[in-house]
Amino acid sequence: MANIETGTNKVVLTDGTTTLTLDKAAGKAVLQRKKLMFWNAAPVEFPLGDIDDIAVKSEQDGLSGATIYHSVLHRRSGETTVLTTEEPRDAEATVETLRRFVGLH
């Protein structure tokens with residue numbers, strides 16, 4: 001399950017090697033992923049207004065046939081980023097929290 005810290009003007013989602021910070025005061029989002037071993041890739045920053053959807057997506061695992069659920073962030077540029085891989089209810093709760101914060105309801 002993803003860890004989400006919520007404040008009035010900021011939400012920080014942490015799941016595995018991914019950290020997403022949504023900051024209303026700064027009007028931006030910062031996506032940070034750890035790369036190989038302990039080195040971090042450069043953070044990706046973009047305006048909160050570039051987020052046009054946050055949703056739960058599912059796919060079938062090719063080997064086991066199990067359904068895998070992801071929370072996914074979509075930007076107006078067409079870029080899609082998988083944020084978490086969780087149980088269906090947890091993914092729905094994660095998406096609901098993030099959507100509410102950025103005003104997608």
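For reference, positions follow the sequence shown, starting with 1.
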#### Entry: Pair S64-D61, side-chain donor/acceptor within less than 3.5 Å
yes
### Query
Does L104 share a hydrophobic cluster with L20, counting links as ILVMFWY side-chain heavy atoms below 4.5 Å and allowing steps through other members?
yes
#### Entry: Pairwise side-chain contact, Q32 with P43, heavy-atom cut-off 4.5 Å (strictly under)
yes
### Message
Are V82 and Y69 connected into the same hydrophobic cluster when the rule is that any two of I, L, V, M, F, W, Y join if their side-chain heavy atoms are below 4.5 Å apart?
### Response
no
### Query
More than 12 non-hydrogen atoms from neighbouring residues, nucleotides or ligands closer than 6.0 Å to CZ on R89, yes or no?
no
### Message
Let me confirm one number: the OG1-CD distance from T97 to E5, rounded to the nearest 0.5 Å.
### Response
13.0 Å
### Task
Would you indicate whether the side-chain heavy atoms of V11 and I4 approach each other to under 4.5 Å?
yes
### Message
For the backbone of T18 and the side chain of R33, can you confirm whether one donor and one acceptor N or O come within less than 3.5 Å of each other?
### Response
no
### Message
Taking D53 first and then R75, would you say they form a salt bridge - that is, a charged N and a carboxylate O separated by under 4.0 Å?
### Response
no
### Task
For residues L73 and I51, report the shortest heavy-atom separation together with the two atoms involved.
CD1-CD1, 3.9 Å
### Query
When rounded to the nearest 0.5 angstrom, what is the spacing between NZ in K57 and NE2 in H70?
11.5 Å
### Query
Are V12 and L98 connected in a single hydrophobic cluster, I mean Ile/Leu/Val/Met/Phe/Trp/Tyr linked by side-chain heavy atoms less than 4.5 Å apart?
no
### Message
When you compare the side chain of V102 with that of I54, does any pair of heavy atoms fall below 4.5 Å?
### Response
yes
### Query
Can you check whether L13 reaches T19 side chain to side chain, under 4.5 Å on heavy atoms?
no
#### Entry: Close side-chain approach of T21 and K10, heavy atoms under 4.5 Å
yes
### Task
Could you grab the distance from atom CG of L31 to atom CD of E79, nearest 0.5 Å is fine?
9.5 Å
### Query
So do L83 and T94 actually touch side chain to side chain, heavy atoms under 4.5 Å?
no
### Query
Just by distance, with hydrogens left out, do S71 and T84 show a side-chain donor and acceptor under 3.5 Å apart?
yes
### Task
Please answer: with hydrophobic residues joined when any side-chain heavy atoms are less than 4.5 Å apart, are L22 and F46 in the same cluster?
yes
### Task
Could you check V30 against D23 for side-chain contact (heavy atoms from CB on, under 4.5 Å), going step by step and ending with a plain yes or no?
CA-CA 8 Å; V30 179; D23 187 340; over 6 Å; no
### Query
Is K24 close enough and on-axis enough to F101, meaning under 6.0 Å and within 45°, for cation-pi?
yes
#### Entry: Donor-acceptor under 3.5 Å (E86 side chain, A2 main chain)
yes
### Task
Check whether the side chains of Q60 and T67 place a donor and an acceptor atom closer than 3.5 Å, and report yes or no.
yes
